[in-house]
Each structure stands twice: as structure tokens, then as C-alpha cells.
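This report refers to the structure that appears directly beneath it.
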2 protein chains.
Amino acid sequence: MSEKQKIKVLVVDDEPDIVEILKYNLQKEGYEVATAEDGIKAVKTATKFQPDVILLDIMMPNQDGVETCLQIRQIPELKNTFIIFLTARMEEYSEVAAFDVGADDYITKPIKPRALMSRISALFRRESKKEQEQTQIKIKDLTIDRGSYTIDKSGKTITLPKKEFELLYFLAKNPNMVFGRDELLHNIWGSDVFVLARTVDVHIRKVREKIGEDYISTVKGVGYKFDLG
Amino acid sequence: MSEKQKIKVLVVDDEPDIVEILKYNLQKEGYEVATAEDGIKAVKTATKFQPDVILLDIMMPNQDGVETCLQIRQIPELKNTFIIFLTARMEEYSEVAAFDVGADDYITKPIKPRALMSRISALFRRESKKEQEQTQIKIKDLTIDRGSYTIDKSGKTITLPKKEFELLYFLAKNPNMVFGRDELLHNIWGSDVFVLARTVDVHIRKVREKIGEDYISTVKGVGYKFDLG
DNA sequence: CCTTGATTTCACGATTTTTTTATAAAAGTA
DNA sequence: TACTTTTATAAAAAAATCGTGAAATCAAGG
């Protein structure tokens with residue numbers, strides 16, 4: 001799952017009301033949502049949709065959550081998918097059973113949307129700053145620091161807005177490599193955003209204005225690259 | 001604790017769900033597990049069970065974790081037992097308080113089993129426990145003192161309410177590092193509190209009002225950071 | 001129960017960032 | 001050179017984000 005890509009959530013519940021509430025809240029938070037109304041459909045949808053998280057009701061017609069969970073865990077592509085059980089209190093399956101079949105977490109109904117949202121986003125939060133990917137790139141006379149969102153150019157500190165910073169960071173991370181505009185959009189803006197490719201030009205220009213002309217070069221007809229040498 | 005023998009863990013929490021999750025995961029990792037649902041029972045069980053590690057919820061009916069910890073520390077046979085506090089949010093009892101009563105570590109809920117397991121096994125790897133918690137941060141012209149919840153700014157003493165203090169303390173502890181609102185909420189408010197991300201803004205403003213504008217800077221679209229010179 | 005202060009929510013406007021649009025300049029091609 | 005294509009630049013439009021004041025809620029202490 002790339003940084004910019006929406007996190008995909010599959011909601012599985014036979015209660016249309018609950019599905020709708022969850023779907024609405026998840027979409028509002030920027031998640032991409034798919035739904036299924038029973039276990040059998042859930043497996044089918046999960047295979048196609050490749051969700052990052054599955055919210056799985058335990059009590060369902062046709063095929064219950066536990067059995068569904070087991071089946072999903074068989075699918076190699078969904079090995080790293082988080083499965084969260086939704087369960088009413090005192091339902092017949094104990095929590096232990098839930099974990100036995102490979103659930104990662106479970107939440108008891110009634111569901112409080114705010115709580116659920118924060119629980120899900122916690123799943124994808126960086127564990128700690130320390131074990132984070134390297135945050136500093138030193139290239140030429142620039143030090144590009146993702147931790148503080150600043151550029152240090154031989155002593156001077158330059159601050160860039162988010163998009164400009166990420167553009168420079170991305171190019172600097174892959175020096176001497178040419179990226180087309182679409183490629184840059186996809187990697188920095190994300191795959192589901194619709195902006196014109198010309199937008200990249202404007203950002204490039206702003207970055208050049210701020211750090212100087214000697215770093216990013218244009219390859220006509222192809223794209224841009226961070227220039228070494 | 002001997003090499004061959006299973007490491008014994010006592011889990012103390014009033015939430016049966018949490019007890020079950022922990023128990024399940026610990027047993028899977030090969031630990032021997034006992035449980036207790038409140039502080040009083042915990043002391044009793046600990047005496048009999050002689051655990052090597054105690055996972056101790058702070059908030060409990062009857063007798064809270066801090067008091068329980070104190071009592072356990074009185075028992076000579078349990079002098080070498082590791083005690084790990086489980087706490088929902090940082091604020092409940094400051095870390096300092098926890099370490100003061102003899103805790104060896106603490107983790108915030110929600111508990112991520114994998115992280116907990118590695119933390120436990122780490123306890124037995126390193127003998128040197130209790131890495132001392134610093135209680136004072138000196139940064140720029142500020143002295144931020146956790147013990148008294150005050151800031152000293154070149155002679156003047158400023159007192160901040162808890163949340164504002166924690167916020168400043170956290171940022172100052174990680175200077176120059178940008179934290180998103182969610183990240184700050186998670187680290188300062190805790191993971192089981194659901195407040196809007198914009199709440200952070202208001203607290204930031206209050207801190208700025210009180211200590212001045214030259215410390216915390218905004219990175220638009222990203223978050224806040226404590227700014228070094 | 002009342003008061004006070006802390007915390008959280010809300011709404012609006014100001015500001016900045018991001019995107020679009022239009023035009024000029026540059027580069028490539030025949 | 002004339003023509004086409006592509007990029008740079010400037011300026012306008014749109015969108016997002018943040019700061020602020022104020023109200024609402026919550027908590028602690030008297």
C-alpha cells in the first residue's frame with residue numbers, strides 16, 4: 001500500500017443500516033469502501049477488491065464471520081489484510097475463537113463511529129518515529145529532511161509547502177531518474193486524484209524558484225529529474 | 001526464572017476482553033499465563049503464582065494499578081518481577097508517577113500484541129532496566145519541568161494546564177520534528193479518546209499565547225513542530 | 001449547588017496552497 | 001524559416017488549511 005493511496009476497507013454486515021453508517025463515515029475519512037452483505041459475497045469481493053482492512057460481522061446468514069475469516073486467511077494476497085470482527089456482546093463465539101481464526105482485532109456493538117475510525121487509522125499509523133524510514137536525504141549541497149519538512153542548503157533553511165516538498169523529496173530520492181508527469185502525479189498525488197499534468201510544471205517552477213535552478217532538470221518530451229553531476 | 005521453565009506472566013485488567021486478548025497472545029508465544037480482574041486479586045494471585053512479569057492495568061475498580069504495584073513491591077519474593085503498566089492514555093498517571101512506584105515499563109492501549117511480546121522478551125534480554133526518565137527539558141530559553149508542570153522562560157515561571165503542558169512537552173522532546181494532529185492526539189490524548197483533530201489547534205494557540213510565538217511553528221497541511229533556531 | 005477553569009466543539013474569515021488557465025518562450029522538425 | 005510541439009511563466013480561480021473568538025461541555029473544588 002503506497003503512501004498516497006487510499007486505504008481500502010471492506011465492510012461486511014447483513015444489516016444494511018450498519019453498512020451504510022460505516023460506509024458513510026469511512027468515506028468521509030477518506031477511505032475507499034466496498035461492502036458485502038454476507039460471508040460468501042465477502043470472500044468474493046475481498047478477492048477482487050484487495051482491501052487493507054475488513055470489518056467483519058460475526059453473525060451473518062449463509063456463512064458467519066468466523067468461517068469467512070478462515071477462508072479469507074487462505075487467500076495469499078490477503079495475508080496482510082487486517083480483519084476486525086464486529087460483534088454484539090455475549091455472542092456465541094468467544095474472543096479467543098476470533099483470534100484463533102486469524103482476526104486482528106474486534107469491536108463490540110453498538111459501534112461508535114468515532115472510536116472505530118480512530119481504531120482503524122491507528123492500525124496504519126507509523127509505529128514510532130524511530131523505526132521510520134530514513135528521513136534525511138543528503139544530495140549535492142542540499143539536506144532534505146522529511147522529519148522537519150525543511151531543506152537545508154549550505155546553512156540556509158528553506159521551507160517548502162507540502163506538495164512542493166514532496167515533489168522535491170521524491171525526485172531527490174531517485175536522482176538522475178526521469179519521471180513523466182503522470183508518474184509523478186501517481187506517486188505524489190496518489191492514484192485516485194484527478195489533476196492536470198500541467199500542475200506538475202507549476203510546482204517544479206516553484207521549487208526551482210526556492211532552491212535554485214541547478215537541481216531539477218527538464219527532459220523535453222519525457223519529464224523531470226533530479227540532476228546529479 | 002530458569003532457562004527451561006516457561007516465563008510466567010500475570011495479566012491484570014478489569015476488561016475481560018483485554019485479558020483474553022493478552023492471554024491468548026502470550027500463550028501462543030509460549031508464556032504461562034495467570035489472570036486477575038482487579039488489584040486486590042492481583043496481589044493475591046501474584047503471591048501464589050510468582051510471575052516473572054506482571055501486566056498491570058492502571059485504571060481498575062477496587063484498587064488501581066499504582067497502589068497494587070506498590071503493594072507488590074513490598075513482597076520480597078516478587079522483588080525481581082517486572083511490572084509493566086497498561087495505560088489508556090498518557091495523562092492518567094504521568095510516566096514519572098508510574099516509574100516512581102516501581103514500574104519497569106509501561107505501554108499505552110490499544111495494545112498491539114506483537115509489540116507487547118517483543119517488549120516483554122526485551123525485558124529479559126537487557127538487565128539494565130529503568131532507563132531514567134528525564135523530567136526536565138532545556139530548550140532555547142525554556143526550561144520545561146515535568147515535575148511541576150511549569151515552564152521557566154528566562155526567569156519567569158509560566159504554568160500551563162495539563163493538556164497544554166503535555167503538548168508542549170511532547171513537541172519539545174522531539175524538536176524540529178513535525179507531528180500531524182492525529183499523531184499528537186494519539187501520543188498525548190491517548191488512543192481511546194476521541195476528540196476532533198482541530199482541538200489540537202486550539203491548544204497550540206493557547207500554548208503560543210502563553211510562551212510566545214517563537215517556539216511552535218505550523219507546517220501547513222502536515223502538522224506542528226517545535227522549532228529550533 | 002455554584003463557581004471557576006480547563007477542555008472541546010463550532011463557525012467564520014483570512015491566508016496560503018494548489019490548481020487551472022492563458023500566453024510567451026523555447027526546442028525540435030522539415 | 002515556418003511550423004509544430006513542449007515547457008516556462010504569470011496571473012487568476014479554486015480549494016484547503018489554519019487562526020480566532022465564542023459557545024458549549026466537562027471537571028474539580030469550595
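A, B, ... follow the sequence lines: proteins, then strands. Residue 1 opens every chain.
Rounded to whole angstrom, the span from the CD1 atom of Ile204(A) across to the P atom of dA26(C) amounts to 19 Å. One interatomic measurement links the two molecules: CD of Glu164(A) to C1' of dT19(C), which rounds to 12 Å at whole-angstrom precision. Between the C1' atom of dC26(D) and the NZ atom of Lys162(B) lies a distance of 13 Å, rounded to the nearest Å. The CZ-C1' distance, from Arg181(A) to dT20(C), rounds to 15 Å in whole Å. Here dT6(D) presents its P atom at 12 Å from CG of Asp201(A), a figure rounded to the nearest Å. Between the CD atom of Glu209(B) and the C1' atom of dG19(D) there is a distance of 11 Å, rounded to whole Å.
Under the 4.0 Å criterion applied to side-chain N and carboxylate O atoms, Arg208(A) and Asp214(A) are not assigned as salt-bridge partners. Between Lys162(A) and Glu166(A), none of the side-chain N atoms (NZ, or NE/NH1/NH2) sits under 4.0 Å from a carboxylate O, so this pair counts as no salt bridge.
At a cut-off of 3.5 angstrom, the base of dG21(D) holds at least one donor-acceptor pair with the side chain of Arg205(B).
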How far apart are the C-alpha atoms of Phe170(B) and Phe226(B), what are their side-chain angles, what is the distance that settles it, and do they pass the ring-ring contact (aromatic ring centres under 6.0 Å, His included) test?
CA-CA 9 Å; Phe170(B) 182 81; Phe226(B) 191 103; over 10 Å; no
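Of the options Ile204(A), Val178(A), Leu167(A), a side-chain contact (heavy atoms from CB on, under 4.5 Å) to Tyr224(A) is made by Ile204(A) and by none of the others.
For the pair Arg208(A) and dA8(D), the criterion of a side-chain N or O lying under 4.0 Å from OP1 or OP2 is met. Between dT18(C) and Trp189(A), no contact under 4.0 Å exists linking OP1 or OP2 to a side-chain N or O. Taking 4.0 angstrom as the limit, Arg198(A) places a side-chain polar atom (N or O) nearer than this to OP1 or OP2 of dT7(D).
Between Tyr149(A) and Phe165(A), the ring planes lie tilted relative to each other; the angle falls in the 30° to 60° range.
Judged by distance alone, the side chain of Lys8(A) and the main-chain N or O of Ile54(A) form no donor-acceptor pair under 3.5 Å.
Contact check of residues 210-228 of chain B against DNA chain C (heavy atom, cut-off under 4.0 Å) returns Lys220(B).
Cation-pi contact between Arg146(B) and Tyr169(B): present, with separation from the ring centre below 6.0 Å and deviation from the ring axis of at most 45°.
If you check dT8(C), dT19(C), dT17(C) against the side chain of Thr199(A), the one that comes closest is dT19(C). The side chain of Val202(A) has dT20(C) as its nearest neighbour among dT20(C), dT18(C), dT7(D).
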